[in-house]
Trainee: 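Sending over a structure as structure tokens; questions will come in a sec.
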Amino acid sequence: SYYNDLINAIYIELFLLSITKVNNTHHVAFWYPGSSSELMQKQMKVDTIPGRQCMASCFFLLRQFDDVLIYLNSVKSYFYNDDTFNFNYAQAKAATGNTSEAEEVFLLIQSEKIKNDFVYLSWLARCYIMNKKPRLAWELYLKMETSGESFSLLQLIANDCYKMGQFYYSAKAFDVLERLDPNPEYWEGKRGACVGIFQMIVAGREPKDTLREVLHLLRSTGNPQVEYIVRIIKKWAKENRVPV
């Protein structure tokens, strides 16, 4: 059957991947309970479009995304407008660090079901952040209903933006997280992001009028550390004639 053919294709390919190196030459180590002609026939099934898709799925489950791309790249010309293929292809691209191409492929997808899937939203948000488009990641969150998934997306935005030095949107995300859950870690994240924004303003890498929102974000917290940070920011603003 078609299903059994795909399973056999996986078995054969996995056997072929069992390579050992002896005396500087590579030897394929495999075992198959059949004649050599049967083995060749089974091997040929790997070298079909369904066979390659099957191997890509296998490596996807193993999280070996470089190998996933080897197989998907070999058949992608047949699936340009296939949303399911593009969804898997974009995830593999993003997982291997090619977030620029991953973003392009994610945006080719037309299926509303996929576009509302949290896996799609979280990967696309991560691509936006890695591609220096944090505002677009934030807009993905704003379009979501309040739920466990929107909370998880906020966490992703807060932490990934922080790692990328995109402190403005990191601070906004941590601020919402803090209001939804009084976990002290969210205050610490917001405090660090707000200080990061302030440092960027001082260095001339962020507009000075952003200071007003920084102060607003800080004052929304009842932590006693707030007033100390606010005093330092207001002192700098006064010395540099920045209205706050």
Side-chain angles (χ1 to χ4, degrees), residues 60 63-66 68-69 87-107 115 117-144 146-218 220-221 223 225-226 228-230 232-233:
F60 202 104
R63 303 187 66 81
Q64 296 178 19
F65 295 106
D66 286 320
V68 171
L69 290 174
F87 187 30
N88 292 329
Y89 188 56
Q91 288 179 76
K93 282 283 187 183
T96 54
N98 193 341
T99 54
S100 180
E101 286 188 26
E103 178 188 332
E104 293 177 10
V105 180
F106 275 126
L107 295 177
K115 288 164 72 174
D117 189 294
F118 179 69
V119 173
Y120 173 90
L121 292 169
S122 59
W123 270 118
L124 182 57
R126 177 157 284 168
C127 288
Y128 281 148
I129 293 167
M130 298 302 160
N131 297 338
K132 301 180 181 179
K133 303 173 185 177
R135 180 180 61 81
L136 296 179
W138 181 249
E139 288 175 1
L140 287 178
Y141 160 71
L142 293 178
K143 293 175 184 176
M144 295 182 73
T146 301
S147 65
E149 290 185 346
S150 66
F151 190 85
S152 295
L153 188 63
L154 268 177
Q155 291 177 313
L156 184 152
I157 292 170
N159 289 299
D160 280 13
C161 281
Y162 196 101
K163 291 173 187 173
M164 293 295 293
Q166 298 162 359
F167 296 118
Y168 177 70
Y169 286 99
S170 177
K172 287 172 72 72
F174 274 124
D175 180 61
V176 178
L177 287 168
E178 185 188 29
R179 283 188 271 122
L180 293 172
D181 178 5
N183 185 325
E185 290 184 1
Y186 296 140
W187 155 245
E188 291 168 6
K190 184 170 79 168
R191 179 188 63 195
C194 286
V195 171
I197 300 170
F198 179 51
Q199 289 176 330
M200 292 179 74
I201 292 170
V202 171
R205 294 165 53 199
E206 186 78 30
K208 292 179 179 178
D209 55 12
T210 310
L211 266 185
R212 289 180 180 176
E213 188 160 1
V214 172
L215 291 172
H216 174 73
L217 290 171
L218 287 168
S220 67
T221 301
N223 191 288
Q225 298 174 0
V226 169
Y228 175 71
I229 300 171
V230 166
I232 292 173
I233 292 175

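The structure presented is a predicted model; accordingly, all values stated were derived computationally and were not measured.
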Trainee: Less than 4.5 Å apart, side chain to side chain, heavy atoms only: is that true for Glu213 and Tyr168?
Mentor: yes
Trainee: Should the ring pair Phe174 and Tyr162 be called parallel, tilted or perpendicular, given that the plane angle runs from 0 to 90° and is split at 30 and 60?
Mentor: perpendicular
Trainee: Ion pair present between Arg135 and Glu139, side-chain N to carboxylate O less than 4.0 angstrom?
Mentor: yes
Trainee: May I ask you to decide whether Glu104 forms a salt bridge with Lys93, counting only side-chain N to carboxylate O separations under 4.0 Å?
Mentor: no
Trainee: For Lys115, does the NZ atom sit with more than 12 other heavy atoms under 6.0 Å from it, leaving out its own atoms?
Mentor: yes
Trainee: Quick check: closest heavy atoms across Ala94 and Cys127, and the distance to 0.1 Å?
Mentor: CB-SG, 3.9 Å
Trainee: State whether the number of non-hydrogen atoms from other residues, nucleotides or ligands found under 6.0 Å of Gln225 atom CD is greater than 12.
Mentor: yes
Trainee: Kindly say whether Ala102 contributes a backbone atom to a donor-acceptor pair with the side chain of Thr99 at under 3.5 angstrom?
Mentor: no
Trainee: For the residue pair Ser122 and Leu156, what are the closest heavy atoms and their distance?
Mentor: O-CD1, 3.8 Å
Trainee: Quick one: does any side-chain atom of Ser170 pair with a main-chain N or O of Ala158 as donor and acceptor, under 3.5 Å?
Mentor: yes
Trainee: Can you name the one residue among Trp123, Tyr120, Tyr128 that meets ring pair (Phe, Tyr, Trp, His ring centres under 6.0 Å) with Phe106?
Mentor: Tyr120
Trainee: Is the closest side-chain donor-acceptor distance between Glu101 and Tyr89 under 3.5 Å?
Mentor: no
